[in-house]
Amino acid sequence: MLLAQTKMNFVWYLFRDGEMMFWALAMPIFFLVLFSFAFGFGNTTQASAFLVPGLIGAQVLTLGFFGVGVMLAQFREQKVLRRIYLTPLPPWVFFAALVLYRLTLLAFQSSILALAGSVFFHVHFTGNVLDMIAMLAIGALTFVSLGTLVGAVTKTAESANNLASVLTVPLAFLSDAYIPLDRFPSTVSAPLHLLPSTQFIDALRGVTTGGEPLAHFSLWIVVLLCWALGGMLLSARIFRWV
Amino acid sequence: MTDPSIAVTRLVKRFGEVEAVRGIDFEIMPGTIFGLLGRNGAGKTTTLECCIGLTKPSSGCVRMLGLDPSNPRELARLRPRFGAQLQTTSLPEKARVGEMLELYARYYALRPATAALCERVGLLGKERQPVGGLSGGERQRLALALAIQHDPEIAFLDEPTAGMDAYGRRVLWGEVEHLRRTGKTVILTTHYIEEAERLCDEICIVQQGRIIARDTPARLIAGAGGGSTITVEAEGFAPRNGIARAGRWRHEAPGNGEGARWVLATELDPGPVLAEVVRAVDEQGAQLHALDMRRATLEDAFLNLTGERIAEDAEAGAA
Ligand SMILES: Nc1ncnc2c1ncn2[C@@H]1O[C@H](COP(=O)(O)OP(=O)(O)OP(=O)(O)O)[C@@H](O)[C@H]1O
Ligand SMILES: [Mg+2]
C-alpha cells in the first residue's frame with residue numbers, strides 16, 4: 001500500500017508535471033554553478049567543496065518546509081485531504097508515502113549535485129558513504145518533521161508558503177549553507193551555531209567533504225533528533241485533515 | 001428491534017457567529033433512503049459532515065452503527081463501512097480515472113473491478129482520462145463510484161446530482177435503487193424536489209438549521225393539502241363568486257410584467273373546478289394567456305412548510 005501510494009505521488013506530481021520535473025533536476029545544478037562563481041574564493045574547487053554539502057543541506061530544508069509542509073497545506077486547501085481522510089487508508093501511510101516520494105527525489109538531487117561537484121569542480125568526497133547517508137537521513141527526518149509542523153499550524157497554502165519561505169531562505173543563508181559562518185563576527189555566528197540547520201549542514205559537510213567520522217557530531221545528532229521528535233509529536237496533535 | 005444506522009441527537013454546530021445547525025434529531029433505520037431537503041445554507045452539508053466525522057459537533061451527538069464518528073478510534077472502525085460523496089472535495093488533477101478507482105479499491109482491500117464499475121457509472125472508455133480533464137458531471141459520477149465501489153453499509157451522498165444532466169441523474173437513481181435493493185442505508189441531500197420525491201423513503205425538510213418536517217414523501221404531500229394547483233394567466237380576470245370559494249387563491253406578479261397570474265390551491269376534484277374557472281374567464285370577458293392544472297407535489301409541500309414557517313416567525317415578531 002505504502003509503495004503503491006508513493007508510486008502514485010511520483011506519477012501525479014513529478015512524471016506528469018513537466019515543469020516540476022525540470023525544476024527538480026535543474027535547480028540544484030543552477031545553484032551550484034551560480035554560487036560557485038558568485039562566492040568563488042579564487043579557487044572554485046575549494047568553493048564547491050564547501051558549497052556542494054551546503055546546497056544539499058539547503059535542499060533538505062526545502063524538502064521539509066516546501067515539499068512536505070506546503071504540500072500538505074495545499075492538499076488540505078484543495079480539499080484532497082478531506083476525501084482521503086474518509087477512506088480506510090491509515091493516515092501515516094498517506095504521510096509516509098509523501099515523505100518517501102520527497103526523500104527519493106532528494107536522493108536523486110543530491111547524487112546529481114555530488115556528481116556535478118566531483119566531475120566539474122573536482123570535489124573529493126572523502127567521507128564514508130554510510131555516514132553520509134545516515135547524516136542526510138537524520139537531517140531529512142528533522143526537517144520533514146519541522147516541515148509538517150508548518151503544514152499543521154497554517155490554515156491556507158498561501159500562508160504555509162509564506163512561512164516556509166520565511167524559514168527556508170534566511171536559514172539557508174545563516175546556517176553555513178552558502179556563506180561560511182566564520183565570515184560573520186563571532187557575536188553573530190555563535191548563536192547561529194545553535195540553529196538546527198547550522199548543526200545539520202556543518203555535520204553533513206564534515207562527513208562528506210571534511211573527512212570527519214559521524215561520531216564527531218553525536219551531540220548535534222541527538223539535538224537534531226530531539227527537534228524531529230518534538231516536531232512530530234506536536235504536529236500529530238495539531239494537524240487538521242479538514 | 002434493530003438498531004438505527006444513524007442516530008443524531010440534539011446536534012448543534014456553530015461556525016463563529018453562524019449557527020449552521022441548531023438542534024437536529026433524527027434516526028435512520030437500516031435499509032432506508034433518507035433525504036435531507038432544504039435551501040442553500042439550510043445546514044444539510046454541515047449535518048452530513050458531522051455524521052461522517054469531518055466536522056466536530058459544537059454539541060449533541062452522532063452515532064453511526066453504534067459508534068461515535070467524532071472519536072478518531074471509532075471513526076477508524078467505521079471507515080470501511082461507509083462511503084461518501086462530498087459536496088466540496090477534489091481528487092489529484094493529474095490522476096486518471098482508472099488509477100483512482102484502482103487505488104480506492106486497494107484502500108478498501110478489494111480486487112479492482114474498474115471496467116465493470118466504469119460501465120455502471122457511465123465512465124467506460126474514460127479510464128485513461130485525467131481527473132482534471134473530466135466534465136463536471138463526469139467528476140460527480142467518478143465521486144459516486146468512489147463512494148460506493150466497496151458496497152458500504154451506509155452511503156452519504158451530498159448533492160450527488162448537482163450539475164448532472166438527465167443521464168447522470170438516471171445513473172445515480174439506478175445506483176440508489178441498487179443500494180436499496182441490497183438493504184443498504186442511504187442518506188442524501190438535494191434541492192431537486194422531484195429527485196427527493198422519487199428516491200427517498202423518508203424526507204427531512206431542513207430550514208435554518210432545524211428540521212421542520214419529517215415524513216414519507218406521500219404523507220408530506222398529503223399533509224400539505226394533497227390537493228391540486230390551478231394557475232390562470234388572463235388579462236382582466238379575478239376570482240369572484242363561486243370559484244373564489246373553491247380554495248385558496250394567491251395573486252402573483254407574472255415574470256414578464258404583463259397581465260395577472262392567479263394561483264388556486266384547492267382540495268376539490270380539479271376537473272369541475274377547472275371547468276368553472278374557464279367559465280368565469282369567459283363570463284368576465286378576460287383574455288386567457290395560460291391555464292395550468294397539476295396535482296400537488298412535494299414541491300408544494302415544501303413551499304407550504306417553509307413558507308408557513310416564515311409567516312409564523314413574522315407573526316411572532318409582530319406580536
Ligand atoms: N466552515 C464554515 N465556516 C463558516 N460558516 C460556515 C461553514 N460551513 C458552513 N457555514 C455556514 O453554515 C450554514 C449552513 O451551511 P451548509 O453548507 O450546511 O448548507 P447546505 O444546506 O449544505 O447548503 P447548500 O444547499 O448550499 O449546499 C451556511 O450559512 C454557511 O454559510
Ligand atoms: Mg450543502
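A note on names: the letters A, B, ... follow the listed sequences, proteins ahead of strands, and every chain is numbered from 1.
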Crowding at CH2, A/Trp220 (>12 non-hydrogen neighbours, <6.0 Å): yes

Residue selection (most heavy-atom pairs with chain A, distance under 4.5 Å) from B/Ala143, B/Pro130, B/Pro92: B/Pro92

Segment of B/Arg96 engaging chain A (4.5 angstrom heavy-atom cut-off): both

Other residues, nucleotides, ligands: >12 heavy atoms within 6.0 Å of B/Arg77 CZ: no

Closest contact, heavy atoms only, A/Ala4 versus B/Arg106: CB-NH1, 3.6 Å

Salt bridge (Lys or Arg N to Asp or Glu O under 4.0 Å) involving B/Glu74 - partner list, sequence neighbours excluded: none

Between CE on residue A/Met8 and NZ on residue B/Lys94, distance to nearest 0.5 Å: 13.5 Å

Atom pair CG/OH of A/Leu89 and B/Tyr104 - distance to nearest 0.5 Å: 9.0 Å

NZ/NE/NH1/NH2 to OD/OE distance under 4.0 Å, B/Glu99 and A/Arg16: yes

Under 3.5 Å side-chain donor-acceptor pair for B/Glu93 and A/Trp12: no

Lys/Arg cation over aromatic A/Tyr85: B/Arg79, 6.0 Å, 45° cone: yes

Residue part contacting chain B, namely of A/Phe75, when any heavy atom lies under 4.5 Å: neither

Under 4.5 Å from a heavy atom of chain B, the part of A/Val93 involved: neither

Residue pair A/Ile84 / B/Tyr107, side-chain heavy-atom distance below 4.5 Å: yes

Over 12 foreign heavy atoms within 6.0 Å of CZ, B/Phe15: yes

Over 12 non-hydrogen atoms of neighbours within 6.0 angstrom of CZ in A/Phe120: no

Interchain contact, B/Glu102 with chain A, by part (heavy-atom threshold 4.5 Å): neither

Close side-chain approach of B/Leu103 to A/Lys7, heavy-atom, < 4.5 Å: no

Atom group of A/Val80 that falls short of 4.5 Å from chain B, counting heavy atoms: both

OG1-CD distance between B/Thr88 and A/Gln78, expressed to the nearest 0.5 angstrom: 13.0 Å

B/Ala76 portion near chain A, given a 4.5 angstrom heavy-atom threshold: neither

Side-chain heavy atoms of A/Leu86 within contact of B/Ile52, under 4.5 Å: yes

Atom CZ of A/Phe108: over 12 foreign heavy atoms under 6.0 Å: no

Heavy-atom contact with chain A under 4.5 Å, split by part of B/Leu86: side chain

Segment of B/Leu78 engaging chain A (4.5 angstrom heavy-atom cut-off): neither

Neighbour count >12 (heavy atoms, 6.0 Å) for atom CD, A/Glu158: no

